[in-house]
Every structure is written in structure tokens, then in C-alpha cells.
Amino acid sequence: MTHRPWLGVYPQGVPADIDTSHYPSLVALMDEAFAQYAQRVAYSFMGKDITYAETDALSRSLAAYLQGLGLSKGDRVALMMPNVPQYPVAVAAVLRAGFVVVNVNPLYTPRELEHQLKDAGAKAIIIIENFASTLQSCIAQTQVKHVVLCAMGDQLGWLKGALVNYVVRNVKKMVPAYSLPDMVRFNDAIAQGERSTFLAPDIHPDDIALLQYTGGTTGLSKGAVLLHSNIIANVLQSEAWYLPVMKSVPADEQTTSVCALPLYHIFAFTVNMMLSMRTGGKTILIPNPRDLPAVLKELSRHTFHSFPAVNTLFNGLANHPDFGTVNWRNLKVSVGGGMAVQAAVAQLWLEKTGCPICEGYGLSETSPSVSCNPVTAKEFTGTIGVPLPNTYMKLLDDEGNAVTAVGQSGEIVIKGPQVMAGYWQRPDETAKAMTADGYFRSGDVGVMDERGFFKIVDRKKDMVLVSGFNVYPNEVEEVVASCPGVMECAVVGVPDERTGEAVKLVIVKKDQHLTEADVREFCRANMTGYKQPKVVEFREELPKTPVGKILRRELREKR
């Protein structure tokens, strides 16, 4: 194996390598947590606490219900929910029953949802009613035969649950009309499962745990196949990395993490939910991180130690007038991921909380964490840190040779137990993504300093990173190209104060009557919010190479 210069900056007590084969499956990890921490609070949501024992009982009943539908081991079950307690219960149920979790962004449009359900071959979906109308409009084109429908208040007890559901449906009008005749309500599925027998299947480290969809360069997203062993490895790597500061949490305090990132995003899935199960921690579920006053109100009720977030959220909170209503003094680690953390935001966060933002780096294909700054650092480095235990990173030039000179740029490639098994049913794409010696090509261009710290300087792919979400220009272009009146179009990323980058769309009209409002309305109907263009520009023609390839670089430049 290659030389690892970064081991010299590892904090005391963090090993170069850890035993990632500690559990045969995520189910074994969860079963251990359910037994060991039964009486502890696992999740806190809207003022209600749900214990490990309750999560255990609910997920076992739901697993029995799902098995009773006649699904076979390895079948895919889609989950389409924000951060509500039904999500971790559903994850535990799907995995315990021997099935595969397919994480779905609840804000997807029917077009996006249909592609993902068809591609994954999902047989069942557990979905919150707020998005049932989206499912209704595409379910007939998919293999989904079973729908379990949740409501916001399902797990809040009879009175509070009924009140919350009434407000969500009738006051805030957040549930558009839908018709899914054969659906079963979440609590009814649990009740049916309680009367059924759960049969624990044999689950192995190389069985698939989840399909985590990531943007596709061809315009359609691909499912990263993450095995039980991949996620376990990343949970244990993350635990080892955070230990130098987390071990200072007083013995009588339950380690508590804030989960404001969506759990369907692999960062929160692994670093919030699964890591908390491993350590017997409590997770504060934030259903809507955009509602900053509600986030701060919820946090003011808790003592918490760990806060993974994206730059946008750190920035929004630190600048909010209610920031001071929260006790930030117990915060041990603030992990920034998903997008670049800006120095000014990191500076403000440190001033206001006393806890530096520790920036890390990862991808859906790597479960996700690959590198991170040492959690003992007292200042912001502006780098993505150093590779985690058991992880190898190197830089390759355009010919595929390793870059040896310090400060010279190359594509970041990654090897480690957290790297996916490949793309779901896409051997062609898998082959393109891996090197001959088993490294995953990240598509990011970076440099490494003499101590082993990596910094991202550019992107090989034309991907746009909006608040930590990948937007692939090809997908947006494909959608916009089908808009009446568009002759051709191109998409690039432009810098944005709030979201890091934003989508800029340049159009050549076929019909001169086409307006910006028409384009925006079309985009709203076909793409989820973060993919929609912030800037729409009309031009007479697009800059192209002699062979007709659009020069995106020229479109990025201000005119």
C-alpha cells in the first residue's frame, strides 16, 4: 500500500486502522443497541421522546408486516420522508427483514420519483402523506405494489398526533389531495405486524443495505450500491475520528446529536442515525431545517454535543437573531460536509459557539465520509482534512499516473472499506468510476500538502453543488430541452453567497414568445427545488467547440 503521510497529524488515540469487521451486518449493530440501551432515548421529535426499546418494538412489528407482503430477501423498499421518527423505524424494519433501503428525496417531482422507483425496481414504498400526490401520478409506471402511508403526527400519541395532523392537513394545507386506494396507514401496518411472526433472516456483510442515488453524468441518477459492510466501516471510522473530543462528554450525559440534515442523505444516515445507534446516543430530529426559528426553538430545549451540517445551515443559524436562546456550550464537534465551508462562516461559528467547524469530505459512493479535519483542531483550515482510518487517497493526472509533487493538482481517488460495491445494474458506469487498482474516481480535483491535508481546487465533472446537493447539468438540460419553445440550452454553476453555487441556465429560443416565467414554471413542474435555475439567460447562440461541444466554461464567465 502507499505511504500515508497524514498519519502524523492524527490526534492522539486515533488509530491508523480499525477493525471494520466488528459486526456482520447493520442489523447486528442495531440489535446490540436495542438490547444495550433499551431504556435510553433514541429519538426526540417535536417534544416527544422515543426510546431504543420502542424503536426496537415498532421496527420489529413493521418488519413482520413487510415480510407478510410476500417480499423476498434483497427486495427494494423505498423510503420517502423528512426527518420524522417513522424514518429510523422504517430503516430498521427494512434492514431487519432482509430487504434493501432505497432513499428517496421527498421533494422529488413525479418524473424524478418514477425514474428512481423504476431503476431500483422497488416493490414497496413507505411515504409521508404530504408527498402522496407525487406518488399517485407515477405509481402505475413502476413495480410498486405496496404503499405504507405515514402522517406527521403518527408517533406523537393520540391527542398530540391528531392535533399535529389536523394542523398539517387543514391549517398549513401541506397535504395535497391524493388517491392511493390500496395504501395502508403506518400505525395500521405496525398493528398488523404485532399479530404476525417476524423471522430474522441471515444477513451477511456483503449483502446490500441501501441504494443511495446520486446524479448521473448522463442526466439520469444512478444508485450507489452500499453494502452492510460499507456503512458499518464508515460508522466505526467516524466514531474513531470523533472520539478525541466526544470522550469528554460527562458520563452522566447521554451523547446527543442534532439531525438537521435529511436522513435520506447519506451523511445524516451514517453520521447521525447509525453512529448514534452504535454509541447509544440521542438524535434530535429536525423535520424542516429551513424553518430557522423552529430549529432554534427545538435546540433551546436540549443539551447536545454533535452537529453535522452544511455551510448554508451554519450560516443561517449563526446570523439569526434567536441564536443566543440556545445553549451552545456543550457542543464538542461541528462537522461541515456536503459542500465547501466558507471561511467567514467558520469564523463566525467559532466566535459564537467556541466550537470550530471541522470540515470533512465524502460522497454517496463512499458511505460517505472519506476525509476530515482533526476534531482537536482549534481553527478552520480551509481544507477537507486528511483521510480517515483504513482510507487511502491519492491524486492522478490526466494519464492516470500518480501525482507525486506536493501542491500539484490531480483527480482525487479513494480506496477503503467504505467505498461502494458499484452502481446498481450499471457495470459500464462502475467500470468508468474505478481504477485498475481498485480506487474510486471522485471527479474532484485536489492538491495535497506535505502533511497529507487535501484541498479541493476544481471539479472534473460539470456538477453544480447547491447547499450540499449535487446537480448534474445534463439532467437539467435534458428537462429544459423538452420545454416548448426551447431550441437548445446549457447549464453551469455560478457562485452564490447563500448556497455556495447556484444553477445558471442559458437558452436559445425556438419560439420568440417564450418567457423566463414560462421556463421557470416548466422547471418547477419537472425538477425539485435545488435543481431549478436561479439565473435564466437568453442568448442568440451558445459558445461551442469546432465539433459542436458546448463550452460551459465560457458560459460561467460574466458577460
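Not measured: the values here are computed from a predicted model. Heavy atoms only: backbone and side chains are in, while hydrogens, waters and symmetry mates are out.
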According to the ring-ring contact (aromatic ring centres under 6.0 Å, His included) rule, which pairs have a member within residues 20-45, sequence neighbours left out? Y37-Y52

Once ring-ring contact (aromatic ring centres under 6.0 Å, His included) is applied, what residue pairs with a partner in residues 237-266 remain, sequence neighbours excluded? Y10-W241, H265-F469

Just by modelled atom types, is the T256 backbone N or O under 3.5 Å from a matching donor or acceptor in the H305 side chain? yes

Spell out, as yes or no, whether a donor-acceptor pair under 3.5 Å connects the side chain of Q116 to the backbone of N103.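 Yes: the side chain of Q116 pairs with the backbone of N103.
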
One thing to verify: whether [Y] and [X] come together as a salt bridge, which I'm taking to mean a side-chain N less than 4.0 angstrom from a carboxylate O.
X    : Y    : answer
D202 : K73  : no
K297 : D291 : no
R169 : E129 : yes

When rounded to the nearest 0.5 angstrom, what distance separates [atom1] in [X] from [atom2] in [Y]?
X    : Y    : atom1 : atom2 : value
K222 : T214 : NZ    : OG1   : 6.5 Å
L156 : N165 : CG    : CG    : 8.0 Å
T528 : L107 : OG1   : CG    : 4.5 Å

Taking the side chain as every heavy atom from C-beta outward, state whether [X] and [Y] have any pair of such atoms under 4.5 Å apart.
X    : Y    : result
I414 : T391 : yes
V100 : V77  : no
R301 : S44  : no
T55  : L58  : no

For [X] and [Y], does a side-chain donor sit closer than 3.5 Å to a side-chain acceptor?
X    : Y    : result
N373 : E359 : no
T283 : N272 : no
Q342 : N311 : yes
R40  : T51  : no
D322 : T325 : no
T270 : S367 : no

I need the minimum non-hydrogen distance between [X] and [Y], along with the two atoms involved.
X    : Y    : value
Q237 : N234 : OE1-ND2, 2.9 Å
L71  : K123 : CD2-CB, 3.6 Å
I126 : C150 : CG2-SG, 3.8 Å
A63  : A93  : CB-O, 3.5 Å

Please say whether more than 12 non-hydrogen atoms of neighbouring residues, nucleotides or ligands are located less than 6.0 Å from CZ in R290. no

Verify side chain to side chain donor-acceptor pair (under 3.5 Å) between R498 and T312, making sure each step is shown before the conclusion. CA-CA 6 Å; R498 207 175 60 78; T312 334; over 6 Å; no

Please test W349 against F323 for ring pair (Phe, Tyr, Trp, His ring centres under 6.0 Å), starting from the C-alpha separation and ending with a verdict. CA-CA 11 Å; W349 188 261; F323 189 81; 5.7 Å; yes

Salt bridge (charged side-chain N to carboxylate O under 4.0 Å, His left out) with E253: which residues, sequence neighbours excluded? none

For F307 and W328, take the angle between the two ring planes, folded into 0 to 90°, and tell me which bin it lands in: parallel under 30, tilted 30 to 60, perpendicular over 60. parallel

